[in-house]
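Residue numbers start from 1 in every chain, and the chains themselves are labelled A, B, ... in the order their sequence lines are given, proteins ahead of strands. Values in this document were obtained by computation on a predicted structure and should not be read as measured data.
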4 protein chains.
Amino acid sequence: MANVTLKKSAINKRQKKEALMNTAFELFTSKGINKTSISDIVEKAGVAKGTFYLYFKDKYDIRNYLISSKAEQLFLTAHKALDTTKIPEIEDQIVFIVDNCLNQLTENPSLLNFISKNLSWGVFKKALVDPESESDMNTMDMDELDSENFSFYKIYQYLINSSDRQFKDPEIMLFMIIELVSSTCYSSILYSEPCNIDELKPHLFKQVRHILEDHEEV
Amino acid sequence: MANVTLKKSAINKRQKKEALMNTAFELFTSKGINKTSISDIVEKAGVAKGTFYLYFKDKYDIRNYLISSKAEQLFLTAHKALDTTKIPEIEDQIVFIVDNCLNQLTENPSLLNFISKNLSWGVFKKALVDPESESDMNTMDMDELDSENFSFYKIYQYLINSSDRQFKDPEIMLFMIIELVSSTCYSSILYSEPCNIDELKPHLFKQVRHILEDHEEV
Amino acid sequence: MANVTLKKSAINKRQKKEALMNTAFELFTSKGINKTSISDIVEKAGVAKGTFYLYFKDKYDIRNYLISSKAEQLFLTAHKALDTTKIPEIEDQIVFIVDNCLNQLTENPSLLNFISKNLSWGVFKKALVDPESESDMNTMDMDELDSENFSFYKIYQYLINSSDRQFKDPEIMLFMIIELVSSTCYSSILYSEPCNIDELKPHLFKQVRHILEDHEEV
Amino acid sequence: MANVTLKKSAINKRQKKEALMNTAFELFTSKGINKTSISDIVEKAGVAKGTFYLYFKDKYDIRNYLISSKAEQLFLTAHKALDTTKIPEIEDQIVFIVDNCLNQLTENPSLLNFISKNLSWGVFKKALVDPESESDMNTMDMDELDSENFSFYKIYQYLINSSDRQFKDPEIMLFMIIELVSSTCYSSILYSEPCNIDELKPHLFKQVRHILEDHEEV
DNA sequence: TATGAATGAGGGTTCATTCAT
DNA sequence: CATGAATGAACCCTCATTCAT
């Protein structure tokens, strides 16, 4: 009894929030968001039901925190890997990042499944123009996401600027790359349809290079 | 006489089913699937609750019927329009179809919103390999869809074969086109992000041609 | 089509009623009465829903027909077997009938399961005093049953009268035998609890003889 | 302090659960289990529907709790009454308990009606071998019942062991007594069929003594 | 007689949210 | 901050029964 009390009080605020997010991620990826209830989350996380509402507005609120944080992590990991290389050309850098992200997602299909329908232009755009806004996300169809510190677009801008080449409509360029890659990798990685990811990669990389090429200012 | 009676009740049944589908489509596009209950559908359609279950297994069953039928309609309309032209080259034919579909979706954003997250490779593949299978769709995360008579893939094959040119991996080729177009058009048409659809089209068409080009057997 | 019509019209009234009863028995014994719906019965019997109501008032009506008919059959079979023997003494006759019934039920556990909770004094009494009455049976707790031609009590009376011995309170005597045997055989035959039926029989037969003994007028 | 709070809410919980059980018992005995809905129970008990599910899995769960608790109470009352007497012989003790139970049931016909079809060997056996097991009772045909603290079998063993006489197969012996008494008393007490309980008792007691006699090891 | 599409009341169950402790 | 018992609206789905054909 005293033991339980001690244990609980030892878990501080931050820890509780993280416990909830970790548990929610586990459940969202294993059962799907729709079939995961707040009761499921709090029970598995070992906190009381009321506690959930101290940190999150509802189920979609916690989902948004998760997507931002997972997507950010994905890109930052890829960018860190890029930093350890000395790849000079922008095309090769982008392809490297794409490849790295695909590898991460191949290793972690539940993450892919989770972010696949959300990691789209909405994420980037939102992070770019309005990183602090809060919206009512109480639906499944929303694709606008909060992202506390999402900084990938800055990384992208930095890459473009660091290059000694010029691109027009860099935003559209990024948009097309993101959409092409994220939508094709889903069925390829998860279901090997219409082919597995290793077969798909050459096609994908070729198209990525085409996109860059078509946007280059000569 | 008996024949007439049979016909009459069969027509009635068809009408009920269509009334339900029309109502469901309206509600799905206006409120979203998750926020639409079966009660909502039957109430608006003016039939009893039990009647719904005479025609559909559940909410996701009616959704699947809708997606199949709407997507089929979309492509058939585009193909019919193509037939009225005399476009000889396969690249131009494909671009024409893409353009026509984009125009239809621009005219009908609620349709776009409805099928955008479902009109993906799952639809085609399903129709292609297993048009009769029945799957348990009782979740939101499913992306495999029944499609009774879905025949777009056949049209596509016909176009490829009619051409005097050779393409390798035509399935992957189609896959990339479909995914690129469908994922980019969503935010472009609905939110003009990162640019409106008219701005996007040149980029899109150029990429579509690149994809064909890269698959051509010379 | 004409074929179907022919087939259906060829099944006459009696046949439909029997098809319904046979199907209902199958379903009642396999799924239980509560979990069997009228839809289940008519579907499996191959008749239309409305047809059910031409022959039976509701689910409990058909159940009662079944119990009467099955129980009657059980006892008549036992009595027929007795007739082929030349057992002279009433105790041995009764024990023979009990044994024969137990054997039938052991061979046919689903029948046992079906009648076990209904084959009690209610059945006999009802048949004895009021074989034609019709009661609202729309509950599970009812144990009063219609029995069109149920004649076991007459057989019993005949056996008692044919004997050259005298018994007082023959009705109570029969009552105790029936209740003892039917209630013990249920768990013994179906679950071998607290022992299997072969182990139980000696105990049972001894008690049956005791009951007769205690009622004999000396 | 915390202790007091805990106790208070625990008491509250116990009260809610008991309110539900009392209400359910009233409704089960007056309308029958099949015709009693959970809505009926919660409405009459004055709690919200969801509250029911905090304490019970479904209707059959609460039924099982009730049968266990009512049957336990019945036997414990009978045994307590026995303790106040100085009856030395085991036959007389058993007959006393049977008589006492019959008297309680005569006083309380709704209790009889409720437990009559369930107070069978299943109850005792279950309590005997596996008092903690949990089974899916979601059917009407179940006759295996949970019984948290059901201790009658222990009382019975104690009585047998305290006696200076020896009995073989005591389990079968008890089984036959229980089944004979419980199945006959139902129609006798509730419907005076084929005779009232006072007329039946001498017959019953005589048979009970016969059963003991036949199992005695001399 | 026989049909079977249509009904709609009513059942069981879930679960986000609140609030007294 | 944290709890978790209680809520009750809202959901899905079943199914006995009817009735126009």
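Take the nearest nucleotide of DNA chain E for B:Phe52 and for D:Tyr53: the residue whose nucleotide is more 5' is B:Phe52. Between B:Ser39 and C:Ile38, the residue anchored nearer the 5' end of DNA chain F, judged by the nucleotide with its closest heavy atom, is B:Ser39. A residue-by-residue look at B:Lys49 and A:Leu54 shows that A:Leu54 has its nearest nucleotide of DNA chain F further toward the 5' end.
When distances are taken from the side chain of D:Asp58 to each of E:dT13, E:dT3, E:dA6, the shortest belongs to E:dT13. Comparing E:dT7, F:dT7, F:dC12 by their closest approach to the side chain of B:Val47 singles out E:dT7. Taking the side chain of D:Ala48 as heavy atoms from C-beta on, and the options F:dG8, E:dT3, E:dT7, the nearest nucleotide is F:dG8.
D:Thr51 has its side chain out of reach of D:Val42: every pair of non-hydrogen atoms, C-beta onward, lies at least 4.5 Å apart.
For the pair B:Glu43 CD and F:dC12 P, the computed distance is 13 Å after rounding to whole Å. Per the geometry, CD1 belonging to B:Ile62 stands 12 Å off P belonging to F:dC12, to the nearest Å. Separating the NZ atom of B:Lys17 from the C1' atom of E:dA6 is a distance of 16 Å, rounded to the nearest angstrom. We find that OH of A:Tyr60 is positioned 15 Å from C1' of E:dT17, with the value rounded to whole Å. Here E:dG4 presents its P atom at 17 Å from NZ of B:Lys16, a figure rounded to the nearest Å. Taking atom NZ on C:Lys35 and atom P on F:dA16, their separation rounds to 14 Å, with Å as the unit. Remark: P of E:dT17 and NZ of A:Lys57 are 8 Å apart, rounded to the nearest angstrom. The nearest whole Å value for the distance from the CD1 atom in C:Ile41 to the C1' atom in E:dG4 is 17 Å.
In a base pair of the Watson-Crick type (N1 to N3 plus N6-O4 or O6-N4) or a G-U wobble (N1-O2 and O6-N3), with each distance short of 3.5 Å, F:dA6 is matched with E:dT17. Applying the Watson-Crick and G-U wobble criteria (two distances, each under 3.5 Å), F:dC11 pairs with E:dG12.
The distance from the OH atom of D:Tyr55 to the CG atom of D:Asp61 is 13.5 Å, given to the nearest 0.5 Å.
Residue A:Ser37 is in sugar-phosphate contact alone, with no base atom involved, counting any heavy-atom pair closer than 4.0 Å across all strands shown. Contacts of A:Tyr55 with the nucleic acid, taken as non-hydrogen atoms under 4.0 Å apart, involve only primed sugar atoms and P, OP1 or OP2.
A gap of 13 Å separates the C1' atoms of F:dT21 and E:dT1, to the nearest Å.
There is a side-chain donor-acceptor pair under 3.5 Å between C:Asp40 and C:Ser37.
Put simply, the residue from C:Tyr53, C:Tyr60, C:Phe52 that forms a ring pair (Phe, Tyr, Trp, His ring centres under 6.0 Å) with C:Phe56 is C:Phe52.
Residue C:Thr51 places no side-chain N or O under 4.0 Å from the OP1 or OP2 atom of E:dA2.
A cation-pi arrangement is absent between D:Lys70 and D:Phe114, since the terminal nitrogen or guanidinium carbon is not both under 6.0 Å from the aromatic centre and inside a 45° cone about the axis.
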